[in-house]
Colleague: 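This is the structure, below, for whatever I ask next.
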Amino acid sequence: MHPDWLARVGGEFEQPYMAALKAFLGAERDKGKAIYPRARDWFAALDATPPQDVRVVILGQDPYHGPGQAHGLCFSVQPGVRTPPSLVNIYKEMQSDLGISRASHGYLKSWAEQGVLLLNNCLTVEAGQAASHQGKGWEKFTDAVVAAVAADPAPKVFILWGSHAQKKAANVAGLKEGGLGVGSPHLILRAPHPSPLSAHNGFFGSRPFSQANAFLEAHGRGAIDWRLPETPGAAAE
């Protein structure tokens with residue numbers, strides 16, 4: 001994990017819940033169960049986006065549970081993997097909002113490298129078993145990450161898609177006011193989840209990308225270049 005994150009949330013690793021989580025994950029692997037993503041990618045979101053660089057936070061729920069998909073960034077899949085339906089809808093809204101054509105891949109690391117923290121609520125999942133690691137401790141750890149980001153007074157945008165993300169942020173100090181409220185330096189954008197089951201209930205047309213950039217530019221933090229390089233992993237021009 002990036003050392004600047006360890007300075008902010010490293011104490012969580014000394015808590016009893018983290019010891020219990022470690023024991024659970026070890027026991028699952030001893031049973032021969034596949035866990036996604038790979039262990040080296042469990043904290044990939046924090047490695048890719050140091051705390052002082054965070055400008056936007058997008059909260060996901062669980063890693064993808066299909067083989068070869070998850071790599072530690074929410075909504076993102078590894079190069080060469082078919083773009084999942086929710087991310088397809090994110091691209092559709094981005095095209096409508098900013099006129100950016102849909103990328104040919106689903107690898108979002110260029111966003112993370114610009115300060116978009118792509119954080120899942122749980123950081124692991126059993127292969128083929130959605131939500132299988134919920135309630136095992138990851139939520140407490142990612143709560144601490146979100147709280148640390150919110151406590152930093154530098155203005156940020158929290159993009160909360162769906163009820164899980166909105167509930168996670170609801171009790172975090174600095175996010176309770178709903179965005180630009182008294183005591184909050186941050187902008188909070190809420191919308192339904194981009195899943196095909198809910199995207200037509202208000203996700204489409206919510207314009208999160210242009211709103212985020214307008215806020216960041218107004219506060220001197222610079223806009224995110226939401227375009228994705230056509231070659232996954234290459235820097236956008």
Side-chain angles (χ1 to χ4, degrees), residues 1-2 5 9 12 18 21-22 24-50 54 56-91 94 102-146 159-165 168 193-199 226 228-229 231-234:
M1 187 188 300
H2 194 285
W5 278 115
V9 299
E12 298 299 309
M18 190 59 80
L21 173 60
K22 182 178 179 181
F24 164 75
L25 293 170
E28 291 294 279
R29 287 197 287 192
D30 289 344
K31 295 173 185 176
K33 295 182 179 181
I35 295 174
Y36 298 142
R38 298 168 298 184
R40 70 184 188 188
D41 290 331
W42 290 355
F43 302 102
L46 304 184
D47 288 333
T49 313
V54 175
V56 176
V57 178
I58 297 178
L59 296 178
Q61 188 172 349
D62 295 295
Y64 296 118
H65 55 82
Q69 291 180 303
H71 65 104
L73 306 182
C74 72
F75 293 104
S76 180
V77 291
Q78 298 192 71
V81 175
R82 183 178 179 181
T83 304
S86 291
L87 186 52
V88 169
N89 285 338
I90 291 170
Y91 288 168
M94 190 164 62
R102 173 181 162 181
S104 61
H105 60 85
Y107 188 62
L108 305 181
K109 191 171 182 180
S110 69
W111 291 1
E113 291 172 340
Q114 293 183 72
V116 181
L117 181 61
L118 297 168
L119 184 69
N120 274 316
N121 190 31
C122 291
L123 302 188
T124 59
V125 69
E126 181 185 340
Q129 301 294 324
S132 51
H133 290 183
Q134 287 186 9
K136 303 300 183 181
W138 280 128
E139 295 93 339
K140 292 182 180 180
F141 177 77
T142 53
D143 281 351
V145 172
V146 174
I159 298 178
L160 308 177
W161 290 327
S163 60
H164 281 88
K168 187 173 187 65
H193 196 276
S195 162
L197 298 175
S198 56
W226 296 101
L228 292 167
T231 302

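No experiment lies behind these values; they were computed from the predicted model shown. Heavy atoms only: backbone and side chains are in, while hydrogens, waters and symmetry mates are out.
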Colleague: Hey, does the side chain of Q129 reach the backbone of V125 with a donor-acceptor pair shorter than 3.5 angstrom?
Modeller: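 No; judged by distance alone, with no hydrogens or angles, the pair does not exist.
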Colleague: In Å, rounded to the nearest 0.5 Å, how long is the span from OG of S104 to CG of L228?
Modeller: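 Reported value, rounded in 0.5 Å steps: 9.0 Å.
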Colleague: Could you state the interatomic distance from CD1 (I90) to CH2 (W226), rounded to the nearest 0.5 Å?
Modeller: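 If I round to the nearest 0.5 Å, the distance is 9.5 Å.
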Colleague: Which value, rounded to the nearest 0.5 Å, describes the distance between M1 atom CE and D47 atom CG?
Modeller: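 Between M1 CE and D47 CG, I get 7.5 Å after rounding to 0.5 Å.
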Colleague: Provide the closest heavy-atom pair for T49 versus A112 in the form atom of the first, atom of the second, distance.
Modeller: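 Shortest heavy-atom separation between T49 and A112 comes out as OG1-O, 2.8 Å.
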Colleague: Taking the side chain as every heavy atom from C-beta outward, state whether C122 and Q61 have any atom pair closer than 4.5 Å.
Modeller: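 Not in contact.
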Colleague: From the options W42, F24, Y36, W138, select the one residue that forms a ring pair (Phe, Tyr, Trp, His ring centres under 6.0 Å) with H133.
Modeller: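 It is F24; the other options fail the test.
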Colleague: Can you name the nearest heavy-atom pair linking T124 to P37, along with the distance?
Modeller: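 Distance-wise, the nearest heavy atoms are CA-CD, 4.4 Å.
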Colleague: Does a donor on one side chain sit under 3.5 Å from an acceptor on the other, for H193 and S198?
Modeller: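 Distance-only check fails for H193 and S198.
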Colleague: Closest approach of I35 and L25, non-hydrogen atoms and distance?
Modeller: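 Nearest heavy atoms, I35 then L25: CD1-O, 3.9 Å.
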Colleague: Quick one, P196 and N89 - any side-chain contact, counting heavy atoms below 4.5 Å?
Modeller: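 Yes; the side chains approach each other to less than 4.5 Å.
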Colleague: I'd like to check the ring pair (Phe, Tyr, Trp, His ring centres under 6.0 Å) partners of Y91; sequence neighbours left out, ordered by chain and number.
Modeller: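 If we apply the ring pair (Phe, Tyr, Trp, His ring centres under 6.0 Å) test to Y91, skipping adjacent residues, there are no hits.
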Colleague: List the steps and the verdict of side-chain contact (heavy atoms from CB on, under 4.5 Å) for L108 and V116.
Modeller: CA-CA 10 Å; L108 305 181; V116 181; over 6 Å; no
Colleague: For this output row, return yes or no: ring centroids of W161 and F75 closer than 6.0 angstrom.
Modeller: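 Centroid separation for W161 and F75: below 6.0 Å.
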Colleague: Would you please say whether a donor-acceptor pair under 3.5 Å links the side chains of K168 and T142?
Modeller: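 Distance-only check passes for K168 and T142.
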Colleague: Quick one: does W111's side chain get under 4.5 Å of V56's, heavy atoms only?
Modeller: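 A side-chain contact under 4.5 Å is absent here.
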Colleague: Could you state the interatomic distance from NE2 (H65) to OG (S132), rounded to the nearest 0.5 Å?
Modeller: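 That separation rounds to 8.5 Å.
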Colleague: Just by distance, do the side chain of S76 and the backbone of G106 share a donor-acceptor pair under 3.5 Å?
Modeller: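 Yes: the side chain of S76 pairs with the backbone of G106.
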Colleague: CG of L46 to CZ of F141: how many Å apart, nearest 0.5 Å?
Modeller: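 L46 CG to F141 CZ: 5.5 Å, rounded to 0.5 Å.
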Colleague: Judged by atom type as modelled, is there a donor-acceptor pair below 3.5 Å linking the side chain of Q69 to the main-chain atoms of G66?
Modeller: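 Side chain of Q69 to backbone of G66, a donor-acceptor pair under 3.5 Å: yes, one is there.
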Colleague: Nearest 0.5 Å, please: how far is CD in Q78 from NE2 in H105?
Modeller: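 It comes to 13.5 Å.
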Colleague: Looking only at heavy atoms, what is the nearest atom pair of P63 and A70, with distance?
Modeller: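 Between these two residues, the closest heavy atoms are CB-CB, 3.9 Å.
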